[in-house]
Amino acid sequence: MSSQYQTISSLPHHIGETVRVRGWVAHLRSSGKVAFIVLRDGSGTLQCVVVQKVVGDAAWGTFQSLTIETSLEIDGEVRADARAPGGVEVGVTNMTVLGTSPSDYPIQPKEHGIDFLLDHRHLWLRSPRQVAIGRVRAELEQALNDFFYEREFVRVDTPILTSAIGERSGLFATEYFDEGNAYLAQTGQLYGEAAAAAFGKIYTFGPTFRAEKSKTRRHLTEFWMLEPEMAFFDSADSMRLQEEMIEYVVRRTIERCVSELALIERDVSRLESIRAPFPRIDYTDAVATLQTKGSDVKWGDDLGAEDESLLVADYDRPIFIVNYPKEAKAFYMKENPADPRTVLCSDMLAPEGYGEIIGGSQREDDYDRMVQRIKDEGLPIEAYDWYLDLRRYGTFVHSGFGLGLERLVAWVCGIPHIREAIAFPRTMYRLRP
RNA sequence: UCCCCAGUAGCUCAGUUGGUUAGAGCAUUCGACUGUUAAUCGAAGGGUCGUAGGUUCAAGUCCUACCUGGGGAGCCA
């Protein structure tokens, strides 16, 4: 097959030329002897005009056999026409069917239930809105990689199959030769800490797995997490990096995904106000504020989804909640010298009710305190022997954080549920397609 | 795991205090139309009312259990 064809998005630069395009039939309209094919190729959609007298009886017959999602090669002249959506159309001179499609294509340009759409995710993905979300996701991923590359971070890929280690263990067990069970990684952080002692500043970016039986719009069982880990950064340094990163990737997406954000009807003005610095609110102050607003939260509780929404409501940009009680957080977080009841951690809450998108902390770097915390949590100390080595051989102040990619995508796109923020979402009750 | 909601045509839904042969729009098929914008107009086909049991002269409708999915809580990113 010839490589000589144009993408639909490039056609405004080819007005007056004869071109060849390839794509899928998105829509068909006929008005007697003049007919319209709406073709999509992933780069955009194009109105193709078929006139019986121009194309002849053979091609006209081909048109009449077309169905939605037929893949098609079209030759014709590009012309500007105000009647065409987008202002550009192709006057068809010839067309060739590349792949036929039965007439029962299930996705229609109308409302569908979410159950039906998820069952047909492999086809739903072809819809313009889903393509736009996917492109925003790809832009955000690229922007994140560029942000860290420009700051001389080294990307380190950490294992997905692990022994029992991490925040909570024993999920998705799979037999691993003679070594007992392996588990799917719930975080790359502990490996990231080891790598930070090798490279200085690193990040990991890959799929992670959680098997809590979470059924909300903010949870998937498989999601992508970006986890930077920085040697010689304290908690405050880490927060400065986080707000700089969020500002960078949001601005980059506003600049480069104009048509995508317009198609999904995102209110971009809500994103334009995302500028560092972000407010920092001490957990203890947050609890006091919440109590005056009528929440029954007590000091020592983790903040619930409702509490988070109440706190964010007053701001037009993300906020940090810092220094949570030790009991509410993971064993590896460093005790706050100013208030030993708390740890040096921060959660970044996105605006508009999207909740926590980043969780980060300064790590405990003292060997004895770390051993004590592992014991206090009732974790098996043997599993952490290599992790403790990081505190034996040249321990170092270091901090890191985890960014949930799908939550970032959902917020930037303004979509209500993170299952649309990934091509093939894994939720509690869905393993296919 | 707990709380709430929903399962009727391929899809989205309506279906009255239980009452004759279960309806609409979209989609599909056929027909008309030389500029349509989710075109329009005409016609046709399309149903194990989630499953099982129960109440009743009579159940899509009421009751019970189960199944499937959705929303939320907790936990988290």
Side-chain angles (χ1 to χ4, degrees), chain A residues 26-38 45-55 60 64-65 67-68 79 81-87 89 91 101-120 123-124 127-128 166-168 171 186-189 205 207-227 242 301-308 324 328-330 346-350 354-360 400-411 416-419 421-422 427-430:
Chain A
H27 203 70
L28 294 163
R29 287 186 290 271
S30 169
S31 181
K33 304 291 185 283
V34 176
F36 304 87
I37 302 168
V38 179
T45 58
L46 170 70
Q47 173 164 287
C48 304
V49 186
V50 188
V51 179
Q52 184 176 15
K53 274 197 299 195
V54 175
V55 297
W60 186 253
Q64 290 183 312
S65 72
T67 54
I68 300 300
R79 60 195 182 214
D81 192 311
R83 292 169 295 185
E89 65 181 20
S101 175
S103 62
D104 59 357
Y105 185 72
I107 311 289
Q108 298 170 30
K110 58 170 283 192
E111 290 288 315
H112 289 292
I114 193 62
D115 185 31
F116 177 81
L117 288 172
L118 288 172
D119 282 344
H120 297 86
L123 302 176
W124 182 26
S127 306
E167 296 175 15
R168 199 169 284 106
L171 303 171
Q186 296 168 67
T187 172
Q189 181 199 313
F205 199 1
T208 45
F209 306 86
R210 302 285 164 92
E212 281 108 21
K213 294 195 170 179
S214 297
K215 275 188 55 168
T216 80
R217 67 183 70 211
R218 299 190 314 280
H219 291 88
L220 297 169
T221 54
E222 177 180 310
F223 66 100
W224 280 61
M225 185 152 66
L226 176 123
E227 294 180 282
Q242 291 171 43
D301 295 345
D302 205 348
L303 301 181
E306 237 175 84
D307 296 324
E308 290 183 355
Y324 281 70
K329 290 293 175 181
S346 60
D347 284 354
M348 188 193 290
L349 309 183
Y354 280 89
E356 184 181 349
I357 55 172
I358 293 177
F401 60 91
L403 165 74
L405 180 65
E406 288 76 19
R407 289 184 180 179
L408 176 68
V409 173
W411 165 49
H417 197 301
I418 67 169
R419 64 189 156 210
I422 185 168
T427 57
M428 232 173 102
Y429 298 116
R430 285 186 188 277

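Each chain gets a letter, A, B and so on, in the order the sequences are listed, and its residues count up from 1.
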Please measure how far the [atom1] atom in [N] lies from the corresponding atom in [M], and state the result in whole Å.
N: B/A73; M: B/G47; atom1: P; result: 42 Å
N: B/C4; M: B/U8; atom1: C1'; result: 22 Å
N: B/G53; M: B/C41; atom1: C1'; result: 50 Å
N: B/G69; M: B/G54; atom1: P; result: 28 Å
N: B/U61; M: B/U20; atom1: P; result: 14 Å

Determine, stepwise, if the pair A/Ile114 / A/His417 fulfils side chain to side chain contact (heavy atoms under 4.5 Å, CB included).
CA-CA 11 Å; A/Ile114 193 62; A/His417 197 301; over 6 Å; no
For RNA chain B, list all stems, counting runs of three or more consecutive pairs where every pair is Watson-Crick or G-U wobble with both distances under 3.5 Å.
B:1-7 with B:67-73, B:10-13 with B:23-26, B:28-32 with B:40-44, B:50-54 with B:62-66
Please classify the nucleic acid contact of [X] as base, sugar-phosphate, or nothing, using heavy-atom distances under 4.0 Å.
X: A/Gly113; answer: sugar-phosphate
X: A/Tyr429; answer: sugar-phosphate
X: A/Leu226; answer: nothing
X: A/His417; answer: sugar-phosphate
X: A/Ala305; answer: sugar-phosphate
X: A/Asp104; answer: nothing

Between A/Arg419 and A/Arg218, the residue closer to the 5' end of RNA chain B by nearest nucleotide is A/Arg419
With nearest nucleotides of RNA chain B determined for A/Glu111 and A/Ile357 from heavy-atom distances, which residue corresponds to the more 5′ nucleotide?
A/Glu111
Which whole-number value in Å describes the distance from [X] [atom1] to [N] [atom2]?
X: A/Leu220; N: B/C75; atom1: CG; atom2: P; answer: 19 Å
X: A/Glu306; N: B/C76; atom1: CD; atom2: C1'; answer: 17 Å
X: A/His219; N: B/G71; atom1: NE2; atom2: C1'; answer: 14 Å
X: A/Glu227; N: B/C76; atom1: CD; atom2: P; answer: 15 Å
X: A/Glu406; N: B/C76; atom1: CD; atom2: C1'; answer: 14 Å
X: A/Asp115; N: B/G10; atom1: CG; atom2: C1'; answer: 14 Å
X: A/Leu28; N: B/U40; atom1: CG; atom2: P; answer: 14 Å
X: A/Asp119; N: B/G69; atom1: CG; atom2: C1'; answer: 9 Å

Listed partners of A/Lys110 passing side chain to side chain contact (heavy atoms under 4.5 Å, CB included), at least two apart:
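A/Lys110 satisfies side chain to side chain contact (heavy atoms under 4.5 Å, CB included) with A/Gln108, A/His112 only.
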Please name all residues satisfying side chain to side chain contact (heavy atoms under 4.5 Å, CB included) with A/Glu356, sequence neighbours left out, ordered by chain then number.
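Partners of A/Glu356 under the side chain to side chain contact (heavy atoms under 4.5 Å, CB included) test: A/Glu308, A/Asp347, A/Leu349, A/Arg407.
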Could you run down the sub-3.5 Å N/O contacts of the protein with nucleotides 22-26 of chain B?
{"residue": "B/G25", "atom": "N2", "partner": "A/Lys110", "partner atom": "NZ", "Å": "2.5"}
{"residue": "B/C26", "atom": "O2'", "partner": "A/Gln108", "partner atom": "OE1", "Å": "3.4"}

Set of residues satisfying salt bridge (Lys or Arg N to Asp or Glu O under 4.0 Å) with respect to A/Glu406, sequence neighbours excluded
A/Arg137
Could you pull out all residues at least two apart from A/Asp119 that satisfy salt bridge (Lys or Arg N to Asp or Glu O under 4.0 Å)?
A/Arg430
Got a list of protein N/O to nucleotides 2-4 of chain B N/O distances below 3.5 Å?
none

For each nucleotide in nucleotides 31-36 of chain B, reading 5' to 3', give B when a protein heavy atom comes within less than 4.0 Å of its base, S when such contact involves only the sugar-phosphate, and - otherwise.
--BBBB
Base-contact (B) and sugar-phosphate-only (S) positions in nucleotides 41-49 of chain B, heavy-atom cut-off under 4.0 Å, - elsewhere
---------
When you measure from the side chain of A/Met225, which nucleotide among B/A77, B/U29, B/G70 comes out closest?
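The nucleotide sitting nearest to the side chain is B/A77.
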What's the closest nucleotide to the side chain of A/Arg217 if the choices are B/U29, B/U12, B/G71?
B/G71
Restricting to non-hydrogen atoms, name the atom on A/Trp60 and the atom on A/Val55 that form the minimum distance, rounded to 0.1 Å.
N-CG2, 3.9 Å
Minimum heavy-atom distance A/Arg210-A/Gln186, with the two atoms named:
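In terms of heavy atoms, the two residues are closest at NH2-O, 2.7 Å.
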Does any donor-acceptor pair link the side chain of A/His112 with the base of B/C11 at a separation under 3.5 Å?
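Checked by distance alone, the answer is no.
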Please round to the nearest 0.5 Å and tell me the distance separating atom CG of A/Leu408 and atom CD1 of A/Ile358.
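One finds 8.0 Å between CG of A/Leu408 and CD1 of A/Ile358.
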Among residues at least two apart in sequence or on other chains, which ones pass ring-ring contact (aromatic ring centres under 6.0 Å, His included) with A/His120?
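ring-ring contact (aromatic ring centres under 6.0 Å, His included) check on A/His120 returns A/Phe116.
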Counterpart residues, ring-ring contact (aromatic ring centres under 6.0 Å, His included), relative to A/Tyr324 (two or more places apart)
A/Tyr283
Using side chain to side chain contact (heavy atoms under 4.5 Å, CB included), reason through A/Ile107 and A/Leu117 one step at a time and then give a plain yes or no.
CA-CA 8 Å; A/Ile107 311 289; A/Leu117 288 172; 4.2 Å; yes
Aromatic-base stack, A/Phe223 on B/A77, cutoff 5.5 Å, angle under 30
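Here the ring of A/Phe223 and the base of B/A77 are stacked, with centres under 5.5 Å and planes under 30°.
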Side chain to side chain donor-acceptor pair (under 3.5 Å) partners for A/Thr216, two or more places apart
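Listed in chain order: A/His219.
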Under 3.5 Å: donor-acceptor pair, side chain of A/Thr208, backbone of A/Phe223:
yes
Before giving the answer on side chain to side chain contact (heavy atoms under 4.5 Å, CB included), spell out for A/Leu28 and A/Ile37 the whole-Å C-alpha distance, their side-chain angles and the decisive distance to 0.1 Å.
CA-CA 5 Å; A/Leu28 294 163; A/Ile37 302 168; 4.0 Å; yes
Does the side chain to side chain contact (heavy atoms under 4.5 Å, CB included) test come out yes or no for A/Arg79 and A/Val49, once each step is laid out?
CA-CA 11 Å; A/Arg79 60 195 182 214; A/Val49 186; 3.7 Å; yes
Kindly say if A/Arg430 contacts the phosphate of B/G70, meaning a side-chain N or O under 4.0 Å from OP1 or OP2.
yes
Quick one: are A/Leu123 and A/Tyr105 in side-chain contact, heavy atoms under 4.5 Å?
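Yes, close enough: below the 4.5 Å cut-off.
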With A/Met225, the side-chain contact (heavy atoms from CB on, under 4.5 Å) member among A/Thr187, A/Leu405, A/Leu403:
A/Thr187
